[in-house]
Amino acid sequence: MPELPEVETVRRSLEPQVLEQTILEADVYYGGIIKAPDPHTFCDRIKGRRVKSVLRRGKYLIFTLDLSTMLVIHLRMTGQLLVCGREAPLKKHTHLVFRLSGGQELRFIDIRKFGLVYLVENNDMSAVKGLHTLGPEPLAEDFTWGGLAEKLKKRRGALKAFLLDQSQIAGIGNIYADEILFQAGLHPERKPQDLKPQEVKNLYAAIRFKLQEGIDFRGTSIRDYIDAKGEKGSFQNRLQVYDRAGRPCMRCGQILKKKVIAGRGSVYCPNCQT
DNA sequence: ACAATATCCTGCGAGC
DNA sequence: TGCTCGCAGGATATTG
């Protein structure tokens, strides 16, 4: 499940391989993942564009191209971006292939077809659903403890749902939400409004620490996730609660519980998280 | 106004 | 062995 650390790892492994390369041709095998414009127009307009940078915003990857165009890709659940040689056999579920001037190919693979691809003109990001309503980047300097406290004060419902809401904070998904809550010692069903200042501080620190740790270990390869070189991350070896329901808590030994919260499987320690 | 649920999709493991 | 079933979850659409 690519979340902020996985998407950032893809970005870092991708950028040096595609920078200043020209997209010679795009081959579409499954047009359904291209959201705008229609696949035919998409291929027509991306042809000849040169990659100027690869950026990340939340879980979105943004390829800035020349002539004020941008390629925006969201990996959703099972999306993969791979740079490989032209001779490499096409993996199953390859939906889109960009032939690059350097002789390599950039391929988009997505088992479940949830991924999203947009070609944007005039740098008009408002054409991409969800991108312009994203909350702050949690690892950027403008994401502050005070700002988080303000948002929490206005929020009802479960704390876990707040963490998963991309318009509140960009980039957190189910795995890191559970890990952050464990790190902060907070129960996923706590009411955001009720958090004491010290608990907000702990949550803020846990968000920054766990996402940075995820990047440092190159992401969580628990099912399908690999980076643009096909390499797995190792954060799955450091998970403390996610995918560990029924096993003992690493801190206190009590059995970890699993419950559906905010529509997502949520694992937590009933003793350490209050 | 907000929260819970259904939806898209495929692979995998459990159970029979 | 081979079938069905439930589950995994990002984000939007729909229902409550």
Side-chain angles (χ1 to χ4, degrees), chain A residues 1-11 29-36 56-62 72-81 90-96 108-118 125-135 137-138 151-181 188-194 211 214 219-226 232-233 235-236 239 241-247 256-268:
Chain A
M1 279 62 66
E3 304 180 27
L4 187 152
E6 288 75 29
V7 179
E8 178 61 22
T9 304
V10 170
R11 190 197 71 74
Y29 297 93
Y30 172 72
I33 49 148
I34 300 174
K35 299 304 161 187
R56 180 192 57 74
R57 178 79 175 92
K59 300 172 193 170
Y60 292 83
L61 277 168
I62 302 163
V72 181
I73 297 182
H74 195 302
L75 303 173
R76 289 281 192 113
M77 307 287 299
T78 54
Q80 301 173 350
L81 279 168
L90 276 194
K91 280 175 72 169
K92 200 177 172 184
H93 308 296
T94 299
H95 306 315
L96 187 54
F108 183 77
I109 300 137
D110 187 6
I111 295 169
R112 287 159 78 173
K113 299 179 174 166
F114 285 178
L116 313 167
V117 178
Y118 294 86
M125 306 267 261
S126 67
V128 180
K129 227 174 243 179
L131 184 55
H132 61 291
T133 51
L134 283 179
E137 280 296 320
K151 285 175 184 287
L152 288 164
K153 240 182 273 174
K154 295 182 217 151
R155 182 76 178 200
R156 308 144 76 88
L159 179 56
K160 168 128 182 201
F162 172 85
L163 290 178
L164 292 174
D165 186 342
Q166 302 302 299
S167 68
Q168 298 296 328
I169 307 167
I172 300 172
N174 203 38
I175 296 175
Y176 291 91
D178 279 6
E179 295 299 315
I180 286 164
L181 288 168
E189 288 179 302
R190 279 290 296 276
K191 301 286 161 250
Q193 298 166 307
D194 298 344
L211 293 175
T220 308
S221 293
I222 211 158
R223 287 182 185 88
D224 306 287
Y225 167 73
I226 49 173
K232 292 185 174 193
F235 196 64
Q236 63 278 11
L239 295 175
V241 285
Y242 181 84
D243 213 24
R244 294 194 70 249
R247 294 166 65 187
L256 298 178
K257 272 183 87 167
K258 181 160 184 173
K259 184 179 179 185
V260 176
I261 300 164
R264 297 288 166 252
S266 305
V267 187
Y268 61 96

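Along DNA chain B, the nucleotide closest to A/Ile111 and the one closest to A/Arg156 are compared, and the more 5′ of them pairs with A/Arg156.
The side-chain ring of A/Phe114 is not stacked on the base of C/dA11, judged by centre separation under 5.5 angstrom and plane angle under 30 degrees.
If you check every strand for non-hydrogen atoms under 4.0 Å, A/Gly157 touches sugar and phosphate atoms only. As judged by a 4.0 angstrom heavy-atom cut-off over every strand, A/Tyr242 is placed among residues touching the sugar-phosphate backbone only. Within 4.0 Å (heavy atoms only), A/Met77 reaches at least one base atom of the nucleic acid. Residue A/Lys258 is in sugar-phosphate contact alone, with no base atom involved, counting any heavy-atom pair closer than 4.0 Å across all strands shown.
A donor-acceptor distance shorter than 3.5 angstrom exists from the side chain of A/Glu137 to the backbone of A/Gly58, with no hydrogens or angles considered. Of the possible polar contacts, one joining the A/Glu3 side chain to the A/Ile175 backbone as a donor-acceptor pair under 3.5 Å is found.
In this model, the phosphate group of B/dA1 is not approached by any side-chain N or O of A/Lys154 to a distance below 4.0 Å at OP1 or OP2. Contact check, A/Lys92 against B/dT10: no side-chain N or O comes under 4.0 Å of OP1 or OP2. The side chain of A/His74 places an N or O atom within less than 4.0 Å of a non-bridging phosphate oxygen (OP1 or OP2) of C/dA11. At the phosphate of B/dC9, neither OP1 nor OP2 sits under 4.0 Å from any side-chain N or O atom of A/His93.
Checked against side chain to side chain donor-acceptor pair (under 3.5 Å), A/Gln236 has no partners two or more places apart in sequence or in another chain. In this structure, the side-chain contact (heavy atoms from CB on, under 4.5 Å) partners of A/Lys191, at least two apart in sequence or on a different chain, are A/Asp194.
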ask   = Pairing of DNA chain C as dot-bracket, 5' to 3': ( ) intra-strand, [ ] crossing, | other strand, . unpaired, with Watson-Crick or G-U pairs under 3.5 Å?
value = .|||||||.|||||||

Please set out all donor-acceptor pairs under 3.5 angstrom arising from side-chain atoms of residues 153-163 of chain A, sequence neighbours excluded.
from     : atom 1 : to       : atom 2 : distance (Å)
A/Arg155 : NH1    : A/Asp165 : OD2    : 2.9
A/Lys160 : NZ     : A/Asn174 : OD1    : 2.6
A/Lys160 : NZ     : A/Asp178 : OD1    : 2.6
A/Lys160 : NZ     : A/Gly265 : O      : 3.4
A/Lys160 : NZ     : A/Ser266 : OG     : 2.8

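Smallest separation of non-hydrogen atoms from A/Gly115 and A/Ile33: O-CG2, 3.6 Å.
The list of salt bridge (Lys or Arg N to Asp or Glu O under 4.0 Å) pairs with a residue in residues 166-177 of chain A, not counting sequence neighbours, is empty.
A straight line from CD of A/Glu3 to P of C/dA8 spans 15 Å, rounded to a whole angstrom. In this structure, A/Met1 places its CE atom 15 Å from C1' of C/dA11, rounding to the nearest Å. The separation between A/Gln80 atom CD and B/dT10 atom C1' is 13 Å, rounded to whole Å.
A donor-acceptor contact closer than 3.5 angstrom links the side chains of A/Glu6 and A/Tyr176.
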Report all interatomic pairs (protein N or O, nucleotide N or O of nucleotides 12-16 of chain C) with separations under 3.5 Å.
from   : atom 1 : to       : atom 2 : distance (Å)
C/dA13 : OP1    : A/Lys129 : NZ     : 3.4

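With contacts defined as side-chain heavy-atom distances shorter than 4.5 Å, the pair A/Leu181/A/Tyr268 does not qualify.
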